[in-house]
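Worth saying up front: this structure is predicted, and the values here are computed from it rather than measured. Just so we're on the same page: letters track the sequence lines, and every chain starts at 1. Values below: all heavy atoms of this structure, side chains included; hydrogens, waters and symmetry mates excluded.
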Amino acid sequence: MSEKPTVLVIGGGIAGIQASLDLAERGFQVYVLEETPTIGGRMAQLDKTFPTMDCSICILAPKMMECFRHPNIKLLTYSELKEVKGSVGNFRVKILQKPRYVDGTKCTGCGVCAEHCPVEVPNEFDMELGIRKAIYMPMPQAVPRCMTVDKENCIECKLCTKMCRAGAVDFEQQPKDIDLKVGAIIIATGFNQYDPSEIVEYGYKKSRNVLTALEFERWVCASGPVAGHLLRPADGGIPKRIAFIQCVGSRSSKFGAPFCSSVCCMYATKEALIIREHAPDVEVHIFYNELRAFGKGFQEFVNRARTEYGVNYVRSRPGEIKENPATKSLTIWYDDTLTREIKSLTDVDLVVLCPALLPRDSNRKLAGIMGVELDECGFFKVVHPLLAPVDTTAPGIYVCGYCQSPKDIPDSVAQASAAAARAAEALTLVQVQRKG
Amino acid sequence: MTELQAEKPRIGVFVCHCGINIGGVVNVPQVVKYAQTLPDVAYAEGNIYTCSAEGIDSIKKAIREHNLNRVVVASCTPRTHEPLFRGACVDAGVNPYLFELANIREQCSWVHMREPEKATDKAKDIVRMAAARASFLMPQEESEVPVDATALVIGGGISGITSALCLANQGFKVYLVEKEPELGGMLKKIYKLYPTDEDASKVLQASAEAVMSHKNIAVLTSAIIKAVDGYIGNFEVTALKNGQEHKFKAGTVIIATGAVEFRPTNMYGYDKYDRVLTQVDLEQVLRSGKPAMDKFFKPQTVAMIQCVGAREEKPPRSYCSRLCCMVAVKNAMLLKEWYPDSEVYIIYQDMQTYGKDYEEHHRKAREAGIKFINYTKENPPEVAHLPHDKLRLTVYHALLGEKRELNCDLVVLSTPLVQQESAKELSKILKVPLGQDEFFLEAHVKLRPVDFATDGIFVCGTAHGPKDIGEAISQAYAVSSRAGVPMANKKVRTEAITAVVDRERCIGCRMCENLCPYGAHRVEDGKSTVIEALCKGCGVCAAACMRRAISMRHFTDDQIMAEIKTAFMMETPNLSVTSSLEGGK
C-alpha cells in the first residue's frame, strides 16, 4: 500500500505557505495549522516589501489563494496544537479547532453581518490602530473567506444571524477535535514585536505620535485604519518631519533581546521611501547604530534612499524622545556618534520605533508538545547551524522562517523550501525502508 | 476549425449582488434585464451570491437547461473567483476558457458608492464588454510534457554537494559536474567555519564522500558544461571532460557554481607587500597550522580592513558581501587565540554581524580584546611600507574623532565575493540572466529566491550572491525542493494561454527570442517556434512583433477589439483586424 506522504505545517505565514505549496505540488498531503482566522501572517500586514517596493499583500494573496484551492492542502485555521506522539514517518497529532460560530461552507465573506454588528473592537490585524466588529474578517484578503465571531466581545444580539442572507451564522458551533497522522512536521511560527513601552525614555504608548514599525506599516497601508493617508496619529495633522529609531530593544543587554533582528535597517529604509513617495516634502531621518544592508540589492537600495530620495541617516544613540504637551510634537535627543556631540531634532511629527522582533512566546509550549528544543532566546534550535539549518532536535520535525533565527522574506522563503526538501527526503527514506 | 465555431454562441450572464457589496449600489435586476437584450445572450439571472454553493448550482443548471456554451459572471475579481466559476463550467461540460468574468465590484460598486445610477450604467457597460468578448472565446486545452527525473547540478562546492545529496536521497538521479579535479570549491581554501569552529576540511570530507558513494549520483570532475539544449523535463546536456564529450538528458538544471574572492589589485599595497593578504590568503596560512605559521612569523599587530572593493559607488561591486565581517571576526579571534599577546584590529564601516549567532560572536570578539576601529567611506585607511616587513596603517577613527597610526606586521584585506569568470558563458548557455552585481538573477527577489523565470533551472549558494555556508546549504536544500517538484510528478502542465507564431509572416528577426523573459521563443531555420512548456502567455512577443506574426491564445485581436468596440458602442466589431489565430490548438 502506498499511502500519500503527509506533512503538518505549523504557521500559515509566508514560510509556512511556501513549504506547504512545495510539498503539495509534489503530491504530498499537507495540513496547515494556523492559530488566527486567516493565513498570511506578518507579510500580509506589511504595506510594501524591500528592495523591490512590491505591494506586500498583492504578491502574497495569490499564494494564499493557491493554498486554499490546492487539492492537497487542507487549512486548519483558528486552531491549536494539542498533542504530538510518535516519530518520523508516523506522528499522531491532536488539534483543536475553535468554533468560528460561522459555517464556512455557507459564508461567502460578504461582510454584511459585520456592517450591522454594533460591537466595535480594536483590530489586531491593524495593530489595534483601527477597529473591527465582533463578527469580523481580519483583512479583506483573508483566506479562508469566512467571518469569525469573537465570542469574548460578542453581546449575542444575533443581528448577524438575522442579516446573513446565506444563513451561515451558527451560535451552536462547538470546538472540534481533529486527529491526524502525519509523517513529518514543519514549524514556521514567525515572530512577535517587542513592546517598547518599558523603554520609558521613548514615550511609546505615552506620546501618541510614537508608533512601532508594524503599526506604521498598517498606518500607511491603503487598506489600513486611515486608508493610507500620511497623518500624525495624535491629531490627524499633516506631518512635515518623521524619524525612525533603530535597534529599539535589540542588540541590547538591558531591554528586549541581545540579537540583531536583521531586517530593521532595511524596512526602515523602505518605510522612509514610502513616506517620500507619499509626500516628497516630508523630511525623513533614520537614527541608526550600524547600518546593516547585507542582502542582495540592499546596499544599492540604501544608496538610492540617500541620494535619490534624500533620506537622512544619522549614526547615533538616541537617548530620549520628549513630547511637547501643547503641540504633541516630539524632540529627539541623541548622541551623534560621529561628531561626539549631544544634539536634538525638534518638531518631529511622527517617530517610528523599530523594535526587536522576538520569537513567539508560544514557542515554548509548542516545543514542549513536540519534544523539540529551543535556544536561549526562544528560537527553535537546529541540530547544526551550518550543515543542518532546518533540522530541529527531533528527527522528522523541521523549522523555517524567523522562528529559527532572524531573517527576511527571501531567506524565509528559501528556508521554507529547504524544510520541504528535508521533509520529502525523510519521507522518501521512510517509504523505502517500509518497502524494503 | 472547431465544432464550436460553427455553433452559434449562447451566452449565460450571472449578475451577483454580493450581498449589498454590489446590490447596495448597482441596480442588479436592471443589469440582468439589460443583459438579456445583448447579442448572443441566451439567458441572464441575478444571484445573491453567485459564488455560494447555491449560485454555482444555478450556473450549472442554466448551462444544461438553456444549452449555454459560454458563461459570463458579473461579480468580483478573477484573482480570487475565476477558478471557482471555471470549475462550475467544467462540471457542466463547458470548456473553462469559455468563461469570462466582469468585475462590477472592485471596478464599479466599490468605487462609485455614492452614484448608484451611474454605477448601474457602468455595470451595464462592463457586462456588455464581457459578453462581446465571450462571443469570440474559443476552447483551449492545457497539455502536459514529461519530465526526466534526473537533475544536472553544475558545481561541486558545498552547495552543489548538498543539493545533489538531497535530490539523490529523494530518489532522483543526479549528474554532478565540477570543473576542478576534486569536489569542494571554496571550502577547500578555508580553515575554520563560524560559528561552530569546525574544520572546513572535515565538514567537506564527510559530504564529499557521501556524494562519491551514492548510487544515484554520477560525478564528473575536471568537466565543464559545453551546451544545454531543450527545456524543462527535457534538457540535452553536453559536458566536456578531458576533451571528450559526455552527452546525457536531464529534467532540471541547478546552478551551484559558487563565487570567488575579489583580488584587490593595486589596493593597500596588496601586490607590492608580502604582508598584505586577503582573508582567503590568510585562511591558507592558517590551514597550515600554528607550528608552520610560527616559522613564517609571529604576528604582533594585525589589522583587518573591511569593505575592500565592496560597497562601491557603482556596480558591479556596489553590494555588501555579507560574510566578510564574520570572516574577519572569526580569523581575528583565531589569531588572538594563537598569539594572545598580539593586538588585532578590525577596521570597519558597519559591522554586518546580523542575526543571533553572529551578533553573539561580535560581542565575544570585543570581550576577547579584538579592537574595532570605525572608518567612513570618505576617510579610508592608508597602508605604507616600513623597513623590516612592517606596515604603517593610518586611519581616522570616526567614533573617537582622531587619527590613529598602527605599526602592523600583517594587514588583511576583507574583499567581497565576486562572480566566477565562467558565469557569463554559462548564463548564455542556459539563457538565464545575471544581475548588475553579475550574480545570477532569480525570478523574483522576494518570493522566488532560487528559481529562474525559465522553468526547470534553479540557482543556489554564492552563484546567487554572497552568503555564508549555512545560508548556502539552506538554499541548496531549497533548490532540491523546487527541482524535486516537477521530477516527482514526472510531468509539468503547460499553460493554455500561449503565443502562436504564424510561420508565413515570421521573418526570423529574433525580436521575440530576445525579448521573451521565459526563453520560450527559439528561432530555427529562420522562423520562430514557441516552446509551449516555457511560454507563460505574457504577450510581450505579440506586442513587439513588427510583422504581427504572433498572436496570443485567449487574447486574440478579435476578442480584444470586440470588447473595445462595444465599450464605445461601435456597432459590430470590424473583423478586418482579425488575427491569424484560429482559436484552439
Side-chain angles (χ1 to χ4, degrees), chain A residues 22 25-27 49 51-52 54 59 61-63 65 69 105-106 108 110-112 145 165-166 251 258-260 262 290-300 303 337-340 377 379 384-387 389-390 405-407 409-411 413-415 417-418 420-422 424-425 428-429, chain B residues 18-21 48-49 51-53 79-80 83 166 169-171 193 195-196 198 203 311 315 318-320 322 350-360 363 376 398-399 401 435 437 439 445-450 464-465 469-471 473-475 477-482 484-485 488-489:
Chain A
D22 271 18
E25 280 293 295
R26 67 156 58 207
T49 61
T52 48
D54 278 311
I59 57 173
K63 289 209 171 242
M65 279 311 289
R69 282 203 304 266
T105 61
K106 290 183 184 160
T108 64
C110 75
V112 170
R145 284 189 62 74
R165 300 187 64 174
R251 305 182 67 190
F259 53 82
C260 158
S262 295
E290 223 150 12
L291 203 69
R292 294 191 169 161
F294 52 85
K296 199 164 173 171
F298 290 5
Q299 184 64 49
E300 293 87 339
N303 295 350
T337 48
L338 289 182
T339 61
R340 291 155 305 283
C377 296
F379 292 106
H384 194 293
L386 299 178
L387 299 179
V390 297
S405 76
K407 58 180 68 66
I409 293 170
D411 286 355
V413 170
Q415 213 186 19
S417 285
R422 293 293 288 161
E425 204 181 330
T428 309
L429 290 176
Chain B
C18 193
I20 54 168
N21 276 307
I48 301 298
Y49 299 109
C51 67
S52 66
R79 193 153 233 187
T80 53
C166 184
N169 286 340
Q170 291 174 54
L193 301 178
T196 55
E198 281 162 293
V203 165
R311 298 170 80 182
S318 48
Y319 54 89
C320 157
R322 188 168 183 139
D350 297 276
M351 285 303 288
Q352 304 289 342
T353 48
Y354 54 93
K356 191 177 76 74
D357 292 340
Y358 303 163
E359 188 71 354
E360 205 175 297
R363 199 166 22 245
T376 55
L399 297 184
D437 54 10
F439 290 102
V445 178
K446 223 63 196 172
L447 295 182
R448 295 180 66 192
V450 299
H464 160 273
I469 310 287
E471 290 161 348
I473 289 181
S474 209
Q475 271 201 346
Y477 282 128
V479 289
S480 318
S481 174
R482 305 294 299 155
V485 168
N489 292 326

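Summarising the geometry of B:Ser481 relative to A:Ala420, their closest heavy-atom pair is OG-CB, 3.6 Å, with the distance given to 0.1 Å. Across all their heavy atoms, A:Leu338 and B:Thr376 have their closest contact at CD2-CG2, 4.4 Å. For the pair B:Tyr477 and A:Ala421, the tightest heavy-atom approach, listed with the atom from each and the gap, is O-CB, 3.1 Å. In terms of heavy-atom proximity, A:Pro410 sits nearest to B:Val445 at CB-O, 3.3 Å. Residues B:Cys320 and A:Phe294 approach most closely at SG-CA, 3.6 Å, considering heavy atoms.
Taking OG1 of A:Thr52 as the reference point, atom NZ of B:Lys446 lies at 6.0 Å (rounded to 0.5 Å). With rounding to the nearest 0.5 Å, the separation of CZ in B:Arg482 from CD in A:Glu25 is 8.0 Å. Separating the CD atom in A:Gln299 from the CG atom in B:Asp350 is a distance of 7.5 Å, to the nearest 0.5 Å. To the nearest 0.5 Å, atoms OG (B:Ser474) and NZ (A:Lys407) are separated by 7.0 Å. In this structure, CD on A:Glu290 lies 7.0 Å from CE on B:Met351, to the nearest 0.5 angstrom. For the atom pair OG1 of A:Thr108 and CG of B:Asn21, the computed distance is 8.5 Å after rounding to the nearest 0.5 Å.
In this structure, the portion of B:Ile48 lying under 4.5 Å from any heavy atom of chain A is its side chain and not its backbone. Heavy atoms of A:Pro62 lying under 4.5 Å from chain B belong exclusively to its side chain. The parts of B:Tyr319 that come within reach of chain A are both its backbone and its side chain, each placing non-hydrogen atoms under 4.5 angstrom from that chain. The parts of A:Ala166 that come within reach of chain B are both its backbone and its side chain, each placing non-hydrogen atoms under 4.5 angstrom from that chain. Of the atoms belonging to B:Glu360, it is side-chain heavy atoms, and not backbone ones, that fall under 4.5 Å from chain A.
With respect to chain A, the highest number of heavy-atom pairs below 4.5 Å among B:Glu471, B:Gln170, B:Arg448 belongs to B:Gln170. Per-residue counts of heavy-atom pairs under 4.5 Å with chain A were compared for B:Gly435, B:Cys51, B:Cys166, B:Pro195; the largest is that of B:Cys166. With respect to chain A, the highest number of heavy-atom pairs below 4.5 Å among B:Ala53, B:Pro315, B:Ser318 belongs to B:Ser318. Among B:Asn489, B:Thr353, B:Ile469, B:Val450, the residue with the largest count of heavy-atom pairs under 4.5 Å with chain A is B:Thr353. Among the candidates B:Ala488, B:Gly401, B:Ser480, B:Ser52, the residue making the largest number of heavy-atom pairs closer than 4.5 Å to chain A is B:Gly401. Highest contact tally toward chain B, considering only A:Ala293, A:Ala61, A:Cys377, is held by A:Ala293 [criterion: heavy-atom pairs under 4.5 Å].
With sequence neighbours left out, B:Glu359 forms a salt bridge (charged side-chain N to carboxylate O under 4.0 Å, His left out) with A:Arg251, A:Arg292. Partners of A:Pro406 under the side chain to side chain contact (heavy atoms under 4.5 Å, CB included) rule, at least two apart in sequence or in another chain, are A:Phe259, A:Ser262, A:Phe379, A:Tyr402, B:Lys356.
Here the side chains of B:Val203 and A:Leu386 are not in contact, with every heavy-atom distance at 4.5 Å or above. Residues A:Leu387 and B:Ile473 form a side-chain contact, since some pair of their non-hydrogen atoms from C-beta on lies under 4.5 Å apart.
A:Lys296 places no side-chain N or O within 3.5 Å of a backbone atom of B:Asp437 that could act as its donor or acceptor partner. Checking side-chain atoms of B:Gln352 against main-chain N and O of A:Leu291 turns up a donor-acceptor pair under 3.5 Å.
Around atom CZ of B:Arg363, more than 12 heavy atoms belonging to other residues, nucleotides or ligands sit under 6.0 Å away.
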